[in-house]
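Quick note on labels: first sequence line is chain A, next is B, and so on, each numbered from 1. Hydrogens, waters and symmetry mates play no part in the numbers below; they use all other heavy atoms, side chains included.
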2 protein chains.
Amino acid sequence: MNEGTNSNLFGLTKLYKVTILVITVVVILKQISTRFSMAVHILSLITTSTNEVTGDFIAGSVNTNPVVIRRIMGMLKKAGLLDVRPGVGGAFLLKAPEDITLLDIYHAVHVIEGNRLFGVHQDSNVRCQVGRNIESILQFELNEAQSAMEQRLAQTTLSKLIARFE
Amino acid sequence: MNEGTNSNLFGLTKLYKVTILVITVVVILKQISTRFSMAVHILSLITTSTNEVTGDFIAGSVNTNPVVIRRIMGMLKKAGLLDVRPGVGGAFLLKAPEDITLLDIYHAVHVIEGNRLFGVHQDSNVRCQVGRNIESILQFELNEAQSAMEQRLAQTTLSKLIARFE
DNA sequence: AACGGTTATAACTATAATGGTTACAACGAA
DNA sequence: TTCGTTGTAACCATTATAGTTATAACCGTT
């Protein structure tokens with residue numbers, strides 16, 4: 001920081017004493033990766049745009065680095081949702097937006113591991129009644145909860161989502 | 001912090017109180033932490049065991065380090081689900097197992113912060129139709145999906161779970 | 001055949017959560 | 001006082017994310 005010339009920082013002068021109150025609020029969110037929402041954004045753009053849709057163009061709309069976009073597009077390609085013209089550029093859907101659900105996109109970007117939203121601890125002590133039973137019985141309940149979420153995601157298609165844009 | 005020489009800190013004066021609010025948002029999650037399933041394990045043990053239930057005993061059943069267990073028990077204490085006798089040791093429930101749902105436990109261990117399972121990217125380009133709309137419209141759908149999952153978790157109580165142990 | 005815009009990918013970074021671990025102070029009953 | 005226990009602090013290795021730079025490959029146009 002350039003001392004000596006600090007007298008006009010923020011247009012203020014050094015006539016007065018300093019009181020700076022710095023409040024730092026750190027909000028830690030442990031969440032499903034934004035890769036998912038970015039992927040929805042990407043597919044929405046491809047669906048609605050009439051022009052060529054390049055990685056750079058999408059990056060401008062998502063407001064991030066083009067490489068981040070291409071990485072996600074690579075996942076969407078592997079899932080068979082879109083394809084990209086190499087060299088010349090431009091992406092297009094491989095399925096109708098009526099046939100692409102949020103669940104399809106969710107799965108495509110591998111936002112969770114092994115299709116298991118909930119991690120369950122392993123290697124419980126089998127000599128204990130709880131230890132013997134907890135993993136499988138709890139896993140069943142958690143699968144049910146995960147299914148409930150995924151079924152809701154499956155109800156919304158890309159075209160339904162876009163229809164609500166204003 | 002150098003007291004006494006703070007009069008020229010940043011060239012500001014005591015006439016001005018500067019409040020800087022820094023919000024850091026970190027998005028991480030591959031799977032919901034096993035803290036949740038361990039917490040269910042812990043509460044199941046306390047419910048079913050006739051003897052004293054110490055951190056070391058639980059650690060033996062979960063098959064992990066006692067400190068990991070005590071950390072989770074601390075969270076369950078803060079949530080009002082159990083209490084621990086300091087010194088002498090041993091944990092006991094503060095609510096009946098019929099009144100503790102998986103959702104209560106899920107919330108207690110702060111496995112998701114801010115009550116938002118899905119991260120949604122911010123700062124999309126508002127000059128683009130998709131960019132303007134995607135965040136709010138997608139967030140609504142994701143909230144619905146999250147609710148579906150949580151409602152399912154709320155349907156299972158600790159006593160129901162334990163009743164299925166063999 | 002060279003050029004320019006594009007895609008694909010490798011490599012690297014900073015950040016931070018997790019689960020495990022050691023260490024130690026505080027607590028309370030025998 | 002002693003001993004088993006609780007409650008934390010501190011540290012570690014591992015891992016995923018999002019961003020970044022750099023580079024090779026691709027393909028239509030000139």
For the side chain of [X], counting heavy atoms from C-beta on, which of [options] is nearest?
| X | options | result |
| --- | --- | --- |
| B:Thr54 | D:dA18, D:dT6, C:dG19 | D:dT6 |
| B:Val88 | C:dA29, D:dT17, C:dT7 | C:dA29 |
| A:Arg70 | D:dG7, D:dT20, C:dT7 | C:dT7 |
| B:Val67 | C:dT18, C:dT6, C:dT21 | C:dT21 |
| B:Thr64 | D:dT6, C:dA10, C:dG20 | C:dG20 |
| B:Pro86 | D:dT8, C:dT7, C:dC27 | C:dC27 |

Just call it for [X]: base, sugar-phosphate, or nothing, with non-hydrogen atoms closer than 4.0 Å on any strand.
| X | result |
| --- | --- |
| A:Gly74 | nothing |
| B:Val68 | base |
| A:Gly87 | base |

How close or far is atom [atom2] of [N] from atom [atom1] of [X], stated in whole angstroms?
| X | N | atom1 | atom2 | answer |
| --- | --- | --- | --- | --- |
| A:Asp83 | D:dC26 | CG | P | 15 Å |
| A:His110 | D:dA16 | NE2 | P | 14 Å |
| B:His41 | C:dG19 | NE2 | P | 15 Å |
| A:Arg71 | C:dT9 | CZ | P | 12 Å |
| B:Phe36 | C:dT18 | CZ | P | 14 Å |
| A:Ile72 | D:dT20 | CD1 | P | 14 Å |
| B:Phe57 | D:dG4 | CZ | P | 18 Å |
| A:Arg35 | D:dA18 | CZ | C1' | 10 Å |

Nearest heavy atoms of B:Ala39 and B:Ile105, plus distance in Å:
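Scanning both residues, the minimum pair turns out to be CB-CG2, 3.6 Å.
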Test side-chain hydrogen bond (donor to acceptor under 3.5 Å, both in side chains) on B:Arg132 and B:Ser136 and set out the steps.
CA-CA 9 Å; B:Arg132 266 197 310 277; B:Ser136 62; over 6 Å; no
Classify the side chain of A:Arg85 versus the base of D:dG28 as yes if they form a donor-acceptor pair under 3.5 Å and no if they do not.
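A donor-acceptor contact between them is absent.
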Does A:Lys77 make a side-chain N or O approach to OP1 or OP2 of C:dT7 shorter than 4.0 Å?
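For A:Lys77, the contact criterion (side-chain N or O under 4.0 Å from OP1 or OP2 of C:dT7) is not met.
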Examine D:dA16: is either OP1 or OP2 under 4.0 Å from a nitrogen or oxygen in the side chain of A:Ser33? Give yes or no.
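No, no such contact exists.
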Check for a donor-acceptor pair, side chain of B:Arg71 on one end and backbone N or O of B:Arg35 on the other, with a separation under 3.5 Å.
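Side chain of B:Arg71 to backbone of B:Arg35: no pair is present.
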Testing B:Thr157, B:Leu158, B:Leu43, B:Ile46 for side-chain contact (heavy atoms from CB on, under 4.5 Å) with B:Pro97, which one passes?
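One option only clears the test, and that one is B:Leu158.
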I'd like to know whether CG of A:Asn115 has more than 12 heavy-atom contacts from other residues, nucleotides or ligands below 6.0 angstrom.
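Atom CG in A:Asn115 is packed in, count exceeds 12.
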